[in-house]
Amino acid sequence: MHTIFALATARGKSGVAVIRISGPDAHKVGLALGGTLPEPGRFALRTIRDGAGLVLDQALVLRFDAPHSFTGEDSIELQLHGSIAVIRAVEQAIADTGLARMAEPGEFTRRALMNGNLDLAQVEGLSDLIAAETEMQRQQAQSLFSGAMRGFADTCRADLLRAAALIEATIDFADEEVPIDISPEVASLIDRVITVIDGELSGFSGAERLRAGFEVAIIGRPNVGKSTLLNRIAGREIAITSEIAGTTRDVLEVRVDLDGLPVTFLDTAGLRDSDDTIEKIGVARARERAEGADLRILLDDGQDDAQDFNLSIDLRYATKSDLTGFGISAKTGEGIDQLLADVSAALSNRLGNMGVASHERHRQALVRARDALSLARRSFDTGDGAEILALHLRDGAAALDSLIGRMDVESVLGEIFAQFCIGK
């Protein structure tokens, strides 16, 4: 296996830059650049030189011996001054040793997976952690990265293996009398796992939306204050506002951290019948995005208070209180804090009994497991035979195994690691 290296911090000028080296020749590369290495698990200041002996920088050198590293391989970490020129020179010096090549995206994490330091769900959690924008997303990703999915899968799997062992015992001793009736325990184990899986599936929608982010559409007739509200939420001029109806022609977006929730507010074109071809396209797009949004806010200036535009409305506010004396005013800010609090509460309620599963891959594996166990329960109830029941139990356990990559890993690795940066 090749030794790999990459910049683990953002490329460009910075206070500190970290270059990682991992693989069978990592320590040789460290020796070539720094002369000597610290003891395993320790760090030391070293002068970094190229092959010609030219001083490139002084760096803090960290040494990790397999398997006690992120990748499970011998590893070296160089903490350098974050100069673009220094980074370029040290990378070139590493390549010139002929002992290491530049890492591919996600290759460090892939090696951690292959060496058993991470499971597949933890890899997804790490990817989510890197992408997390809000505190609640960070907590969700950290739970996955910390091994919560493995704990869930192992608990369910242990119950299924116990049930399978009991069933297979009846197969092994088919010609003899089994000393105890195993039926109650087998039924209880199957039902318990089904209940746990159902709970995880019921919380999937909220978990997936938290990971991906919510969309909130601001709708209403033209010139009702939608764009002004978007600008107020953004804290800057995102949308053009004017007294001319129909100014907004396309859907404008602003993403915010709302009490830890990742929320994208959508400013949509004013909903009305129009002969203007461009405006009609804008209205059609507005309807499409509003229908697909997680929440719809209707702004109403009193002229269309019975209008719902044939859309499901979640929150409704009278607007332009600076002119009418009641409701909210995006222009002055009156009532906007309460509006945002209402949105936060409504979306938080949708998180419900959110569990660990947050990726579509997780949902599909849980559905496969649930289907297999439903067949197992049916076989148990109808007395189809121990062999068929044991087969369904094994299928359920296999589906749970796929959650953490005990099987069927290669089919999803490419998609997962394509999202990683080079230094991960």
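Only a predicted model underlies this, so the values are computations on that prediction, with no experimental measurement involved. Just the heavy atoms: all of them, side chains too, but no hydrogens, waters or symmetry mates, feed the values below.
- A salt bridge does not link R296 to E291: none of the charged nitrogens lies less than 4.0 Å from a carboxylate oxygen.
- With respect to the salt-bridge test (charged N to carboxylate O, under 4.0 angstrom), the residues E107 and R101 qualify.
- Every pair passing salt bridge (charged side-chain N to carboxylate O under 4.0 Å, His left out) that includes a residue from residues 344-355 is listed here, sequence neighbours excluded: D314-R350.
- Contact check on R157 versus D159 returns no salt bridge, with no Lys/Arg side-chain nitrogen under 4.0 Å from an Asp/Glu carboxylate oxygen.
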Could you list the donor-acceptor pairs under 3.5 angstrom formed between side-chain atoms of residues 39-47 and any protein atom two or more places apart in sequence or on another chain?
| unit_1 | atom_1 | unit_2 | atom_2 | d |
| --- | --- | --- | --- | --- |
| R46 | NE | T36 | O | 3.1 |
| R46 | NE | T36 | OG1 | 2.9 |
| R46 | NH2 | T36 | OG1 | 3.3 |

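- R363 and E360 are joined by a salt bridge, as a carboxylate oxygen and a charged side-chain nitrogen come within less than 4.0 angstrom of each other.
- A salt bridge is defined here as a Lys NZ or Arg NE, NH1 or NH2 lying under 4.0 Å from an Asp or Glu carboxylate O, and R150 with D119 meets this definition.
- If you check the side chains of T134 and D257, you find no donor sitting under 3.5 Å from an acceptor.
- Residues H362 and E124 have side chains that bring a donor and an acceptor to within less than 3.5 angstrom of each other.
- For R192 and S188, the side-chain atoms include no donor-acceptor pair closer than 3.5 Å.
- Heavy-atom neighbours of E288 CD from other residues, nucleotides or ligands within 6.0 Å: at or below the threshold of 12.
- To the nearest 0.5 Å, atom CD1 of residue I21 and atom OG of residue S69 are 12.5 Å apart.
- A side-chain N or O of H359 and one of D128 form a donor-acceptor pair less than 3.5 Å apart.
- If you check the side chains of N353 and S202, you find a donor sitting under 3.5 Å from an acceptor.
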